[in-house]
**Q** 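Here it is, the structure, as C-alpha cells.
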Amino acid sequence: MPELPEVETIARQLRGLVTGRVIGAFRSHWGRLTEPVPPRHFARRLVDRRIEGVRRRGKLVLFDLDGGDVLVVSLRMTGQLLFREAEAPPDLRVRGVIAFTDRSEVRFVDTRKFGRMAIVDGREIGADGTARSAAGARAHGPLHATSGIEPLSRAFTTRWLGDFLHRRGRSAIKVLLLDPRGIAGIGNIYDCEALWRARIHPTRLAGSLTTAEAARLHEAIGWVLRKGIRLGGASRRDYLDARGRAGRMQREFQVYAQADRPCPRCGRAIVRSVQGGRATFHCPRCQTVRVP
DNA sequence: GGCGATGTTTCCCC
DNA sequence: AGGGGAAACATCGC
C-alpha cells in the first residue's frame with residue numbers, strides 16, 4: 001500500500017506531531033514485529049529517548065532519537081503509523097505501540113503483519129538515510145532493502161537514469177522500476193502511472209529506451225511522485241495516514257486499476273496484464289511495444 | 001467454503 | 001543476470 005508519496009505524507013505528519021516528545025514505553029503485540037531483537041531489549045533502547053525528527057528513506061519511516069539511534073519502520077503492504085492523543089479509543093490490529101511520556105502514542109497497525117521495526121546506530125546511516133557500510137546494512141536486517149537512489153533527490157538526474165537503464169539493459173522497465181535497490185520508493189501504482197505518462201510500454205527492455213524516452217521517464221517519475229505527495233498519497237481499503245485520514249491520489253489514477261476504462265489520453269481501453277508477478281496496467285495505443 | 005487478488009520485499013531455483 | 005514463483009499474512013469479493 002504505502003509507496004514513496006504515502007510514506008512521505010506519514011513522515012511529514014509525524015514530524016510535526018511527535019518531534020520533541022519523549023518515549024515512555026514501547027509495547028509489542030506481535031512477537032515478530034522487532035525480530036530478531038526481543039521486544040524487551042527493543043523497549044529498553046527506546047525508553048527515555050527524545051524524538052529529534054522524523055524522515056523518510058525510500059518506503060521506510062525513520063525516527064531520529066537523541067543519543068544517535070534511529071528507529072526504522074517498514075510498513076510493507078498494510079502497515080500504518082497512527083498518532084493518537086492520550087486516552088484515544090482502541091484501534092484494531094495494533095502490532096506495536098510507542099507511548100510517549102505525555103500519554104499520547106504512535107500505534108503501528110498492520111493487518112497482514114509484514115511490517116517490521118528495527119533500531120540502528122545513526123552513525124551507520126548517512127544523512128540521506130543510506131547505510132554507510134556493510135555492517136550498517138546488516139544492522140538494518142530485513143529493513144535494509146532500501147539502498148537505491150532517492151528519485152526526488154538532486155542526484156536523480158536524467159543522466160543518472162540513462163546510465164542506470166544502460167547498466168540494467170536486459171531488465172523489463174516495469175520490473176526494474178519496482179526494484180528498491182536501484183531506485184527507492186516506487187511501487188506498483190506509481191510505476192504504472194509513470195510509464196503511462198512517459199508513453200513507454202511496461203515490457204520494454206531498459207536498454208531499448210531512447211534518450212528521449214529516458215528523459216520522458218525521468219520527468220514522469222518525478223511528476224507522479226510529487227503529485228502523489230501533494231494529494232496526501234493514494235488510499236485503498238483501510239489505508240490511512242498518520243492522522244487516520246485517506247489520501248486523494250486514488251481519484252487521479254490514469255491507468256492503475258483502470259482495466260477496460262478508456263485511456264484518458266486516447267480513449268483506447270486500458271489493459272490489465274501480469275508481469276513479474278504483479279498486475280500491470282497500460283494503454284495499448286499510447287504505450288507501444290515497438291522501439292521507436 | 002474455495003479461489004484469486006492485494007500496496008512490498010526476499011529468497012530460491014532454472 | 002534475469003525471470004518466475006513462492007513465501008511472509010490477513011482480508012475481501014465473487
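Treat the numbers as computed from the prediction; the structure is a model and nothing was measured. To find a chain, count down the sequence lines: A is the first, B the second, and so on, and within it residues start at 1.
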**Q** What residues form a side chain to side chain contact (heavy atoms under 4.5 Å, CB included) with A/Ala269, not counting sequence neighbours?
**A** none

**Q** By the side-chain hydrogen bond (donor to acceptor under 3.5 Å, both in side chains) test, which pairs, at least two apart or in different chains, include something from residues 158-169 of chain A?
**A** A/Thr158-A/His218

**Q** Could you work out, with ring-ring contact (aromatic ring centres under 6.0 Å, His included) as the rule, every residue matching A/Phe42, not counting sequence neighbours?
**A** A/Phe26

**Q** The criterion is ring-ring contact (aromatic ring centres under 6.0 Å, His included); which residues satisfy it with A/Tyr256, sequence neighbours excluded?
**A** A/Phe253, A/Phe281

**Q** Taking atom P in both C/dA6 and B/dC3, compute the distance separating them and give it to the nearest angstrom.
**A** 15 Å

**Q** Of all residues at least two apart in sequence or in a different chain, which pass the side chain to side chain contact (heavy atoms under 4.5 Å, CB included) check with A/Thr288?
**A** A/Arg290

**Q** Would you indicate, yes or no, if B/dG7 has its OP1 or OP2 atom less than 4.0 angstrom from a side-chain nitrogen or oxygen of A/Tyr256?
**A** yes

**Q** Can you pull the salt bridge (Lys or Arg N to Asp or Glu O under 4.0 Å) pairs that have at least one residue in residues 250-263 of chain A, sequence neighbours excluded?
**A** A/Lys227-A/Glu252

**Q** Round to a whole Å and report the spacing from CZ of A/Phe253 to C1' of B/dT6.
**A** 13 Å

**Q** Take atom C1' in B/dG4 and the same atom in C/dG5, then report the distance between them in whole Å.
**A** 16 Å

**Q** Could you state the CD-C1' distance from A/Gln80 to B/dT8, rounded to the nearest angstrom?
**A** 15 Å

**Q** Can you list every pair that meets salt bridge (Lys or Arg N to Asp or Glu O under 4.0 Å) and has a residue in residues 9-18 of chain A, with sequence neighbours left out?
**A** A/Glu8-A/Arg12

**Q** Just the table, please: protein N/O against nucleotides 4-8 of chain C N/O, every pair under 3.5 Å.
**A**
residue, atom, partner, partner atom, Å
C/dA8, O3', A/Arg32, NH1, 3.3

**Q** What's the separation between atom CD in A/Glu35 and atom CZ in A/Arg116, rounded to the nearest 0.5 Å?
**A** 5.0 Å

**Q** Considering just the side-chain nitrogens and oxygens of A/Arg95, establish if one lies under 4.0 Å of OP1 or OP2 belonging to C/dC9.
**A** no

**Q** Using whole Å, report how far NZ of A/Lys59 lies from C1' of B/dT10.
**A** 13 Å

**Q** Can you name the residues that form a side chain to side chain contact (heavy atoms under 4.5 Å, CB included) with A/Arg84, not counting sequence neighbours?
**A** A/Leu82, A/Ala88, A/Asp91, A/Glu105, A/Arg107

**Q** In residues 159-178 of chain A, what residues come within less than 4.0 Å of DNA chain C, judged by heavy atoms?
**A** A/Arg168, A/Arg170, A/Ser171, A/Ala172

**Q** Using the C1' atom on both, measure B/dG7 against C/dG2 and round to a whole Å.
**A** 24 Å

**Q** Given atom CZ of A/Phe108 and atom C1' of C/dA10, what is their separation to the nearest angstrom?
**A** 14 Å

**Q** Give a yes or no on whether the backbone of A/Val109 and the side-chain of A/Gln80 come within a donor-acceptor separation of less than 3.5 Å.
**A** no

**Q** Return the stems involving DNA chain C, sorted by first number, where pairs are Watson-Crick (N1-N3 with N6-O4 or O6-N4) or G-U wobble (N1-O2 and O6-N3), both under 3.5 Å, and runs are 3 or more long.
**A** B:2-6 with C:10-14, B:8-14 with C:2-8

**Q** Does A/Pro38 have any side chain to side chain contact (heavy atoms under 4.5 Å, CB included) partners at least two apart in sequence or in another chain, and if so, which?
**A** A/His41

**Q** Please confirm whether the backbone N or O of A/Pro202 pairs with a side-chain atom of A/Gln275, one donor and one acceptor, at under 3.5 Å?
**A** yes

**Q** Give the rounded distance in Å between these two atoms: CZ of A/Arg93 and C1' of C/dA10.
**A** 8 Å

**Q** Would you indicate which nucleotide in B/dT8, B/dT6, C/dT11 comes nearest to any side-chain atom of A/Glu3?
**A** B/dT8

**Q** Whole Å only: how far is the CG atom of A/Asn188 from the P atom of B/dT9?
**A** 11 Å

**Q** Round to the nearest Å and state the distance from A/Glu193 atom CD to B/dG7 atom P.
**A** 13 Å

